[in-house]
Amino acid sequence: MAFELPALPYDFAALEPHIDARTMEIHHGKHHAAYVANANKAVEGTALAGLSCPWEACGKLQDLPSEKQTAARNNIGGHANHSLFWSIMGGDGMGGAPSGDLADAINSSFGSFDAFKETFAKAAATRFGSGWAWLGACEDGKLTVCSTANQDNPAMKPLIGDAAGCGCKPILGLDVWEHAYYLNYQNRRPDYVSAWWNVVNWNKVGECFSKACCCGSSQNC
Ligand code: MN3
């Protein structure tokens, strides 16, 4: 097995008007596909060759020879982050608010769903340059918000320390690279973040919260 581009679980146009079809087509078919191809190149002939779960690989980047680590960090990170991103969005009937254990955890960690959204939107808006905002589960069961630069994510903590954010297990991620929104929103990142809440699939985020791994692919890991 190698890293594989997961199929989008909906049509390119499914997230309109909040995220346009052309952006989705380029983002999935060009950007994410390139991360997958380059991630496979980066691990060729190493101990990580043959892994198929990118989130697992993000936690093992430190096992690579040092000259391989930058390419692996950027591209395996890109693969992991986008795989989660596609899986926690959807078209009709999405948005709204979480329910069940996830809702309880959000309320106890942030005070309310609105307070969480405000904290998360601020993390997304204030990430300078390219990167991601995350909602993640900490080891004590609490939820937290953090953000990372480029294609880094909290699972990379063993390799990159504080640059990986808080070290939580991400269950919701928002791509704030310009390629994720520029066609529709240009420089208006806060408008993209506000619109994005309408396409979040909270049932999926709830599943990620209750599972050990949420790599977004069809495999069980
Ligand atoms: Mn992206």
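Both ligands and their constituent atoms are indexed starting at 1 by order of listing.
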Within the stated cut-off of 2.8 Å, is an N/O/S atom of His27 closer than that to the Mn ion (ligand 1)? yes

Counting only heavy atoms not in Asp191, do more than 12 sit closer than 6.0 Å to its CG atom? yes

Got more than 12 heavy atoms from elsewhere within 6.0 Å of CD, Glu118? no

For the atoms NE2 of His179 and NE2 of His82, give the angle they form at the Mn ion (ligand 1), rounded to 10 degrees. 140°

Of all N, O or S atoms in Asp175, which has the smallest distance to the Mn ion (ligand 1)? OD2

Pick from Tyr35, Trp55, Trp177: which one makes a ring-ring contact (aromatic ring centres under 6.0 Å, His included) with His82? Tyr35

Please determine whether a side-chain nitrogen of the Lys or Arg among Lys204 and Glu207 lies less than 4.0 Å from a carboxylate oxygen of the Asp or Glu. yes

